[in-house]
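These values consider heavy atoms only, across backbone and side chains, with no hydrogens, waters or symmetry-generated copies. Numbers restart at 1 for each chain; the letters A, B, ... are given by sequence-line order, proteins then strands.
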Number of protein chains: 2
Amino acid sequence: MNYTKPYQPPTVTVDAVIFQLTNNVLEVLLVQRSKDPFSGAWALPGGYSAQGETTLEALAVKVSTKAGVDIHKDLKYIEQLYTFDSVARDPRGHAVSVTYMGCGLKIEPTKASETTQFFPVDSLPALAYDHKEIIRYAHERLSAKLTYTNAVYGLLPKQFTLTQLQTAYEAVFGRELDKRNFRKKFLTLDLIRETKEMFRVGAHRPAKLYEFNNQKLESLTRSFD
Amino acid sequence: MNYTKPYQPPTVTVDAVIFQLTNNVLEVLLVQRSKDPFSGAWALPGGYSAQGETTLEALAVKVSTKAGVDIHKDLKYIEQLYTFDSVARDPRGHAVSVTYMGCGLKIEPTKASETTQFFPVDSLPALAYDHKEIIRYAHERLSAKLTYTNAVYGLLPKQFTLTQLQTAYEAVFGRELDKRNFRKKFLTLDLIRETKEMFRVGAHRPAKLYEFNNQKLESLTRSFD
DNA sequence: GCAAAAGTGTTTGGGATACACCCATGC
DNA sequence: GCATGGGTGTATCCCAAACACTTTTGC
């Protein structure tokens, strides 16, 4: 390979789609841009990735700096999503973005403010770059992951009720599931076990609390959906 | 974002895992390196991706130059696989590789030679970089794609027999399937139609030829496996 | 006692699995 | 007529889907 000019790589950036569930609504973490391009618009937390660091390392730094979220402590699950590379996606010049998708729970960005917030995936503000497409793709991926893996654990507390579990699925899938069939099926998958704790809240019957046998990603023997 | 030093992006490369089926064996296209690093070892076709071109555009150029394969004409299916970015994967310096996975059929690299060949995925030569891992991952992805999409069309000619279809699955999955169950299931998926042609070869009953209704990727209503 | 969510079973239909023999052809 | 791969059916079991009422609690 001979280059007549010195080789000029594209800029490499990283972006994170961080989901969490709040009141049974799937939300995504965004930061508001204060500078051009897209000043005032909202964007996924992210930034440049430099030589000598992995994209995940770069992501950890950027997400911590820009949103006050520690991807290792605050997220229960993270995976690489896709690399977006269209030449026009950044008006300043060609930037290839390696994106990640992660799930957390009651994340409280230490930088929480009017410029760092979670938004419901179904009512996003105006977004910078191609971030709307990235979020759409991440949501699709998350939904797929819930159908064939135990990835829901990423969205739930350590102990949870079956109703919480079901509503997590419903929030991600965007549709309702049958309570009896859902419970029957999930319990036969052998992913969770009953605890001795009960969840008591409100004027109604308390619910058994369950926990996952395993907080690591595994494939289901029988898919959902 | 203020950088005290000028921002130095990692090198960006692209690599292609190109599969085809030859005599019911799943093969992958490799080129032999003539220079260090890894001189003499085999590698996936690929190379640098520069500013101003998408990674797929870069891939088309590199695969054509190095292996004489036109990814648009010779491949029936291609998708982005994953971005490999460990700092040590290239001994010359940090290089992030955006990889693609594709399928073709009777590809004849115009550069076919002792340094551009297909190898069975189960008996690969010594590989440069992390290309062994990339191939493993691509194989896994292909296998997954066959279970929940119609992606097999990428490995088959326009018209094919049910036995060819089944052996394509078997070659990718690496295990045998029951003939009667396979046929019954595939025919009820409504993905293929009978043609009026027959495949006549050898001293035995001729086989009906089928074709896909649709040569575009779609999800199956019921997964395999 | 009443409002609110938790918990629970049965029926039915469709698809997955297991399994072995006849058919059409070339030589 | 025989060797070779093409083509076919049935029984069983498991699971998905549909569907409504009772239980436990706080007030």
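Computed from coordinates, the B:Met198 CE to C:dC23 C1' distance equals 11 Å when rounded to whole Å. Taking atom CZ of residue B:Phe224 and atom P of nucleotide C:dA16, one finds them 9 Å apart after rounding to whole Å. A:His204 has its NE2 atom 18 Å from the C1' atom of C:dG1, to the nearest Å. Spacing between atom CD of B:Glu197 and atom P of D:dG6 amounts to 18 Å, rounded to whole angstrom units. Spacing between atom CD of B:Gln166 and atom P of D:dT8 amounts to 14 Å, rounded to whole angstrom units. Rounded to an integer number of Å, the gap from CG of B:Asp178 to P of D:dT8 is 14 Å. Following rounding to the nearest Å, A:Leu187 (CG) and C:dG9 (P) show an atom-to-atom distance of 12 Å. The distance from atom OH of A:Tyr169 to atom P of D:dA16 is 13 Å, rounded to the nearest whole Å.
Using a cut-off of 4.0 Å between Lys/Arg side-chain N and Asp/Glu carboxylate O, B:Lys208 and B:Glu197 are scored as not salt-bridged. A salt bridge does not link B:Arg183 to B:Asp178: none of the charged side-chain nitrogens sits closer than 4.0 Å to a carboxylate oxygen.
Here the nucleotide nearest the side chain of B:Arg205, chosen from D:dG5, D:dA16, C:dG9, is D:dG5. Taking every side-chain heavy atom of A:Arg183 into account, C:dG7 is the closest of C:dA24, C:dG7, D:dC19. When the nucleotides C:dT17, C:dT8, C:dA24 are ranked by their closest atom to the side chain of A:Arg180, C:dT8 comes out on top.
Judged by atom type and distance alone, B:Lys184 reaches the base of D:dT10 through a side-chain donor-acceptor pair under 3.5 Å. Between the side chain of B:Lys208 and the base of D:dG7, no donor-acceptor pair under 3.5 Å is found.
When each of A:Ala203 and B:Tyr210 is assigned the nucleotide of DNA chain D bearing its nearest heavy atom, the one mapping closer to the 5' terminus is B:Tyr210. Residue-to-nucleotide proximity on DNA chain C shows that, of A:Pro206 and B:Arg200, the 5′-proximal contact is made by A:Pro206.
Within 4.0 Å of A:Thr161, counting heavy atoms only, lies no atom of the nucleic acid at all. At the heavy-atom level, A:Thr188 lies nowhere under 4.0 Å from the strands shown. Here A:Arg222 lies in heavy-atom contact (under 4.0 Å) with sugar-phosphate atoms only.
Side-chain N/O atoms of B:Lys179 include none lying less than 4.0 angstrom from OP1 or OP2 on D:dG6. Residue A:Thr163 places no side-chain N or O under 4.0 Å from the OP1 or OP2 atom of C:dA5.
At a cut-off of 3.5 Å, with distance as the only test, no side-chain donor of B:Ser223 or B:Thr147 sits close to an acceptor on the other residue. A:Thr188 and A:Arg222 are linked by a side-chain donor-acceptor pair at a separation below 3.5 angstrom, with hydrogens and angles left out of the test.
Between A:Tyr77 and A:Tyr153, the angle of the ring planes goes over 60°, which puts this pair in the perpendicular group of the 30/60° scheme.
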